[in-house]
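The block underneath contains the structure these notes are about, expressed in structure tokens.
Quick note on labels: first sequence line is chain A, next is B, and so on, each numbered from 1.
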Protein chains: 2
Amino acid sequence: MSADAEPAPVSAKPPVTLREVAAAAGVSVATASKALNGQGRMTAETRERIRETARLLGFRPNSLAQSLLRKRSFTVGLLTNDTYGRFSLPLMAGVSDALVDKGVSVFLCNVEDDPRLGQLHVEAMLDKRVDGIVATGKRIDRHLPVDLSNLRIPVVYAFTQPDPGAVGLVSDDAGGARLAVEQFLRLGRRRIAHVTGPESFAVVHTRAEAWRDVLKENGLPTAEPLLGAWSEAWGHDAVEKLFGKAGREGWPDAVFCGNDQIARGVIDALRERGIRVPEDVGVIGFDNWEIVAEATRPPLTSVDMNLASLGREAGLALLSLVEGQPAAPGIRKLPCRLVVRQSG
Amino acid sequence: MSADAEPAPVSAKPPVTLREVAAAAGVSVATASKALNGQGRMTAETRERIRETARLLGFRPNSLAQSLLRKRSFTVGLLTNDTYGRFSLPLMAGVSDALVDKGVSVFLCNVEDDPRLGQLHVEAMLDKRVDGIVATGKRIDRHLPVDLSNLRIPVVYAFTQPDPGAVGLVSDDAGGARLAVEQFLRLGRRRIAHVTGPESFAVVHTRAEAWRDVLKENGLPTAEPLLGAWSEAWGHDAVEKLFGKAGREGWPDAVFCGNDQIARGVIDALRERGIRVPEDVGVIGFDNWEIVAEATRPPLTSVDMNLASLGREAGLALLSLVEGQPAAPGIRKLPCRLVVRQSG
DNA sequence: CTGAAAGCGCTTACAG
DNA sequence: CTGAAAGCGCTTACAG
């Protein structure tokens, strides 16, 4: 054991450098570098001795210096405008989880809907020489308030509107809607209504179309979807519309809802009318927002967009772009899954 | 305009270096550096010419190179184990927002409750030479699954259990509870019950104690708080206990709930019993989880822990530690605020 | 098998 | 007023 060896990294001391390791092992920095990186040729003993010395000294290479040489920082930027929403959380966790094992760290960039913030963050990322950027949002039909189309680094879009020619990942909303409607059919439901969000959302149309397609394919009568707000209150109002006037025979026997909040409102309103879920009417939501789905009485069956997987895929897609693998541009749709609880 | 000047940063081209700026401006790199940093002495024209050249070339200094010299990376790590929860979101946004304007970027580190992940992320942060770390969690009486007590960089704890001798920021839960109870008193309520979470949470005791203190201070009768789960279902059960047996005179005229989900359950259960909120009974929640509070019928009055401010303060506290300002160790409590809606 | 040299992109004393 | 030199901590041809 060399006299230079420190017991353990002590607070406030600067980190151990390669130079110190080399000195302690009695070799040059070049040799030390090669020993630790498994490069070059040297006796097994030399290599082992250097490694042991490094271990003893608690040496960890300065990533900043490595990045400067390697032209890669092993960092990526994660842009989002959904810092108070619930969609970005699993998405961000997915991105981070996919990358941490590859030694890649993720910068969190909250851009809200503010172009100034967007600009600020993008410049910070570029200055810090991130290897790439994942752009994330709270809806797939809106752009972030930044232009990422002419950066010199790869960009992957996840759950937000991609630039033309870019790589984008979104959930397969049509597929998710099919899962819900087909579950109803399997349960013998035949008059399946659809209560969903505002017209201005692309997913409202995608899901409604899939709902109608499945009904048609099965020779069932279709109707207009009921559009409104993404809220419990709209769920209540929709029940009034659907179950208010007609005789019992005219009622739907199932309601496919555009999100879990609407579904929650629908279920509460049905209960207040003495209509039983799922005995009289089945209800399925969208988003699988667990804390809501599980508190609903009865617990809510819901379509899950697999956002954590989406994030993970986005992270991996970015990584392969960074590593120079060509990726087919365009939007890739990832499957949803149905989480069956008790409401439908 | 020099012949070397490029129109705009084009994709795939490597970034412009200081060397290129210097060449284009006909000076040495040293002079160029000083011109851009406002250092050294030179004619105003020289400085201006260099700056103009840099602007034209779209020069942005390589932050990695700067960090290597300055011994500061202008990055910090943000550890959290609450990636699927709702507490960390405003907290993280607050940290990020406070720092982006100072040129400091934030690494997102999702450690779940997994020591391996914790270790992995802390090592990545250290390797990347972050200037400091903010540790964040989902409850203030639990440690993250990592030991941050002997790092050579400053650490600030926000909404998670700090190490002894460290700087920690938490919400003032006792103060928050007082706000709720005092609001009830102001409204003339006198029999104020408390329905809250499980015994294992420190905040359950803190809030219950404050609730009881305010009652005592006002000469009102106190009782035992009702402990249960942090769920709507427990809210329902608690209403059964409070309003089930006794005659109307024995009923509380107000219920202070430990979180918004419990409050939601309480309000729903009261409605189902035909007890009016707020006419017959006032209800106040905790957390001000807007999407729940606003959907409750009537909309829920709730205590807000100001988590975004907490995050902001944590970011700023870390920054001053990084800059060498001494900070008093110990736990700093930040005030809550009451958001009055209609339930109490 | 090992080391001296050059260099990543920048900054900062120090000369002139 | 401006530039040459040294250096941050590392890696990678290139000699020997």
Side-chain angles (χ1 to χ4, degrees), chain A residues 9 13-51 53-54 57-75 103 124 126-131 152, chain B residues 9 13-51 53-54 57-75 103 124 126-131 152:
Chain A
K13 287 234 172 119
V16 176
T17 66
L18 184 60
R19 175 200 299 274
E20 303 176 64
V21 173
V27 296
S28 71
V29 258
T31 303
S33 170
K34 279 174 284 191
L36 297 176
N37 293 317
Q39 303 291 328
R41 356 189 79 272
M42 65 192 69
T43 53
E45 296 109 280
T46 310
R47 194 182 294 277
E48 200 35 61
R49 177 165 47 88
I50 296 172
R51 290 207 160 140
T53 310
L57 294 178
F59 171 73
R60 306 229 86 213
N62 183 331
S63 182
L64 299 172
Q66 293 182 312
S67 300
L68 205 53
L69 276 292
R70 298 212 228 257
K71 305 286 169 203
R72 248 197 92 182
S73 63
F74 290 88
T75 62
L126 259 22
D127 290 353
K128 283 171 179 143
R129 297 301 188 262
V130 292
D131 300 326
R152 70 174 78 77
Chain B
K13 286 233 173 118
V16 177
T17 66
L18 185 60
R19 175 200 300 274
E20 302 176 64
V21 174
V27 296
S28 71
V29 258
T31 304
S33 171
K34 280 174 281 190
L36 297 175
N37 293 316
Q39 302 292 328
R41 355 189 80 271
M42 65 192 70
T43 53
E45 296 109 280
T46 311
R47 193 181 295 274
E48 200 35 60
R49 179 167 45 88
I50 296 173
R51 290 206 161 143
T53 311
L57 294 177
F59 171 74
R60 309 229 84 214
N62 183 332
S63 182
L64 299 172
Q66 293 182 312
S67 300
L68 205 52
L69 275 292
R70 301 212 226 257
K71 305 286 169 204
R72 246 197 94 181
S73 64
F74 289 89
T75 63
L126 258 22
D127 290 352
K128 283 172 179 141
R129 298 300 189 260
V130 293
D131 300 327
R152 71 174 78 75

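- Within the 3.5 Å criterion, the main-chain N or O of A:Arg72 finds no donor-acceptor partner in the side chain of A:Asp131.
- The P atoms of C:dG9 and D:dT2 are separated by 26 Å, rounded to the nearest whole Å.
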Given Watson-Crick and G-U pairs under 3.5 Å, DNA chain D in dot-bracket ([ ] crossing, | other strand) is |||.||||||||.|||
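- In this structure, A:Ser33 and B:Leu69 both approach DNA chain D, and ranking their closest nucleotides by distance from the 5' end singles out B:Leu69.
- Applying the side-chain hydrogen bond (donor to acceptor under 3.5 Å, both in side chains) test to A:Ser67 and every residue at least two apart in sequence or in another chain returns nothing.
- Using a 4.0 Å heavy-atom cutoff across all strands shown, B:Thr31 reaches at least one base atom of the nucleic acid.
- Heavy atoms of B:Thr46 sit under 4.0 angstrom from primed sugar atoms or phosphate atoms, though from no base atom.
- To the nearest 0.5 angstrom, A:Leu64 atom CG is 12.0 Å from A:Leu69 atom CG.
- Nearer to the 5' terminus of DNA chain C, by closest-nucleotide assignment, is the contact made by A:Arg49 (compared with the other of A:Val29 and A:Arg49).
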Steps toward side-chain contact (heavy atoms from CB on, under 4.5 Å) verdict (B:Val27, B:Ile50)
CA-CA 8 Å; B:Val27 296; B:Ile50 296 173; 3.8 Å; yes
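- The residue A:Thr43 sits close only to the backbone: its heavy atoms come under 4.0 Å of sugar-phosphate atoms, none of a base.
- A nucleotide of DNA chain C counts as in contact with chain B when one of its atoms lies under 4.0 Å from a heavy atom; the first and last such, 5' to 3', are C:dC8 to C:dA13.
- In this structure, OG on B:Ser73 lies 7.5 Å from NZ on A:Lys128, to the nearest 0.5 angstrom.
- Nucleic acid contact class of B:Lys34 (heavy atoms, under 4.0 Å, all strands): base.
- Where B:Arg47 and B:Arg129 meet DNA chain D, the nucleotide closest to each residue was compared, and B:Arg47 sits on the side nearer the 5' end.
- With rounding to the nearest 0.5 angstrom, the CD atom of B:Gln66 is 9.5 Å from the CG atom of B:Leu18.
- In this structure, B:Pro14 and A:Lys71 have side chains that are not in contact, with every pair of non-hydrogen atoms separated by 4.5 Å or more.
- Within the 3.5 Å criterion, the main-chain N or O of A:Ala25 finds a donor-acceptor partner in the side chain of A:Arg49.
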Determine whether B:Thr53 and B:Phe59 satisfy the following criterion, side-chain contact (heavy atoms from CB on, under 4.5 Å), listing intermediate values before the conclusion. CA-CA 8 Å; B:Thr53 311; B:Phe59 171 74; over 6 Å; no
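- The residue among B:Leu64 and B:Ala30 whose nearest nucleotide of DNA chain C is located toward the 5' end is B:Leu64.
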